[in-house]
Amino acid sequence: MGSNSVEDMIEASSGVHFSGFHMDGLESKIIEKPTTSPGAENVHKQPFIIGVAGGAASGKTTVCDMIIQQLHDQRVVLVNQDSFYHNLTEEELARVHEYNFDHPDAFDTEKLLDSIENLRHDRAVDIPNYDFKSYKSNAFPARRVNPSDVIILEGILIFHDPRVRELMNMKIFVDTDADVRLARRIRRDTVDKGRDIGAVLDQYSKFVKPAFDDFILPTKKYADIIIPRGGDNHVAIDLIVQHIRTKLGQHDLCKIYSNLYVIQSTFQGLYIQVWISVRGYVVFRLLGVVRVWRMRCEHAAKVSRLAKFLFTGKVTMVSSLFMKNYRKTSQRGMYCYWILS
Ligand SMILES: Nc1ncnc2c1ncn2[C@@H]1O[C@H](COP(=O)(O)OP(=O)(O)O)[C@@H](O)[C@H]1O
Ligand SMILES: Nc1ccn([C@@H]2O[C@H](COP(=O)(O)O)[C@@H](O)[C@H]2O)c(=O)n1
């Protein structure tokens, strides 16, 4: 029996309204906890925040650019941790070769947090344009950044502060060999920044390498994904982009319905794999295709019975869970609460 005919039968028998929302590749995983349950129209839309860390010249910016290019149908902004370097005092400027730009204290993390908080609350922010030559964050006009669907936070120590880390929906660590990073750094700092090669090597051995070992490498454990070879790793980047798209699908639902849960499937190989409940609406995955069915609770019982009939035995637990939930719950809004409790 083809999937369309099954869906048609279910739709015909239950009188459900098919919203037409597709989420291919939805995973069976809890993805978001509800906090409040305002009406769908009033729910504040939260951006999907991706953190990209890794050593200097590991290819973080390159990886971010590739991700942004591939996510061309999304509104994405890139916020670089470099923009939040503290301005140096006159004294520090006079002895700049003794300044450690690779230490967590070199960054104004409070300002970074403030900017992200504003973006998360739909407010545009001005991100400083850091100048590596003058060591100033106010040498150029700031960049106006508008709230977006996706925010990418990139920087050597972007995983260092737990408050920043906790804002991230996905964490990526770009893992490139130290000798490759050093070779790129020498070229970049001498050619692009006009620095003396002796000073570049001194800075590397005095600050960059120790800080990598002490502060950057220890944050690798927070990464959800580690990309070896940075931008050369097209397979990893393709997979990440695919994953972001999937997550954005789920995330969009969570943005719309604040009390949405995706529940863990324990019935491997079943046709109905994932059940999500949204304040009286039901979303489920049927025959490998994820569809959002909008139905009232009274229709849910009919669909449950039909599913049980069609997939005899296979969906007993799901449907009984479903029925039990339906019977126990008189208020529509309580539906998903019961499933997880
Ligand atoms: N895969 C690569 N192959 C060759 N050069 C690269 C590659 N990735 C990055 N680079 C170069 O290395 C330097 C640092 O890359 P970048 O992406 O800016 O790293 P990061 O943001 O980690 O400092 C840049 O000059 C960039 O052009
Ligand atoms: N005035 C400065 C500020 C920073 N650096 C170095 O930049 C590196 C971080 O930038 P990436 O884009 O490579 O992540 C870091 O290692 C700092 O030492 C600098 O040299 N001068």
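Heavy-atom basis, side chains included; hydrogens, waters and symmetry copies ignored.
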Practice item. May I ask you to decide if Arg123's main-chain N or O and Asn118's side chain share a donor-acceptor pair within less than 3.5 Å? Key: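 Not confirmed, Asn118 side chain does not pair with Arg123 backbone.
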
Point to revise | Main-chain N/O of Thr176 paired with Arg181 side-chain donor or acceptor, under 3.5 Å | key: yes

| Step by step, would you call Asp114 with Val125 a side chain to side chain contact (heavy atoms under 4.5 Å, CB included)? | CA-CA 9 Å; Asp114 192 51; Val125 291; over 6 Å; no

Would you check if [X] and [Y] make a side-chain contact, meaning some heavy-atom pair closer than 4.5 Å?
X      : Y      : value
Ile172 : Ile240 : yes
Gln81  : Leu153 : no
Glu110 : Asp108 : yes
Ser148 : Leu119 : no
Ser115 : Ile127 : yes
His243 : Met170 : yes
Asp65  : Leu78  : yes
Ile156 : Lys60  : yes

_Salt bridge present between Asp189 and Arg185 (N-O < 4.0 angstrom)_ =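 Yes, this pair counts.
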
- Message: Quick test of your reading of the model: are Asp131 and Lys136 salt-bridged, counting only N-O distances below 4.0 Å?
- Response: no

- Step by step, work out the side chain to side chain contact (heavy atoms under 4.5 Å, CB included) result for Val52 and Ile158. CA-CA 7 Å; Val52 180; Ile158 206 71; 5.9 Å; no

When clusters are formed by joining ILVMFWY residues with side-chain heavy atoms under 4.5 Å apart, either directly or through shared neighbours, do [X] and [Y] land in the same one?
X      : Y      : value
Phe173 : Val180 : no
Phe48  : Met66  : yes
Val200 : Tyr99  : no
Leu201 : Phe212 : no
Ile216 : Tyr204 : no

From the list Val77, Val76, Ile67, side-chain contact (heavy atoms from CB on, under 4.5 Å) with Val150 holds only for Val76

The residue among Asp213, Asp202, Asp102 that forms side-chain contact (heavy atoms from CB on, under 4.5 Å) with Val208 is Asp102

Could you measure the distance from the [atom1] atom of [X] to the [atom2] atom of [Y]? Nearest 0.5 Å is fine.
X      : Y      : atom1 : atom2 : value
His160 : Asp105 : NE2   : CG    : 7.5 Å
Leu167 : Asp161 : CG    : CG    : 9.5 Å
Thr190 : Arg195 : OG1   : CZ    : 10.5 Å
Met168 : Ile116 : CE    : CD1   : 7.0 Å

Check [X] against [Y] and note the closest heavy-atom contact, atom names and distance.
X      : Y      : answer
Leu157 : Pro104 : CD1-N, 3.7 Å
Asn80  : Asp82  : OD1-N, 2.9 Å
Arg165 : Lys171 : O-CE, 3.7 Å
Pro141 : Asn129 : O-ND2, 3.1 Å
Ala236 : Ile227 : CB-CG2, 3.7 Å
Ser83  : Ser137 : O-CB, 4.4 Å

Does the salt bridge (charged side-chain N to carboxylate O under 4.0 Å, His left out) test come out yes or no for Arg120 and Glu117, once each step is laid out? CA-CA 5 Å; Arg120 289 180 75 218; Glu117 209 47 42; 3.4 Å; yes

The ring-ring contact (aromatic ring centres under 6.0 Å, His included) partner of Tyr130 among Phe84, Tyr85, Phe140 is Tyr85

- So which of Phe107, Tyr135, Phe215, Phe207 actually passes ring-ring contact (aromatic ring centres under 6.0 Å, His included) with Phe101?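 With Phe101 as partner, ring-ring contact (aromatic ring centres under 6.0 Å, His included) holds for just one option, Tyr135.
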
Practice task
State whether Phe132 and Lys193 meet the cation-pi test: NZ (Lys) or CZ (Arg) under 6.0 Å from the six-membered ring centroid, and within 45° of the perpendicular axis.
Solution key: yes

* Using a side-chain heavy atom cutoff under 4.5 Å and only I, L, V, M, F, W and Y, what cluster partners does Leu239 have? ->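 When side chains under 4.5 Å apart are linked, the cluster holding Leu239 also contains Val235.
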
Quiz item: Taking only residues at least two apart or on different chains, which pairs with a member in residues 221-236 satisfy salt bridge (Lys or Arg N to Asp or Glu O under 4.0 Å)?
Solution: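 Residue pairs with at least one partner in residues 221-236: there are none.
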
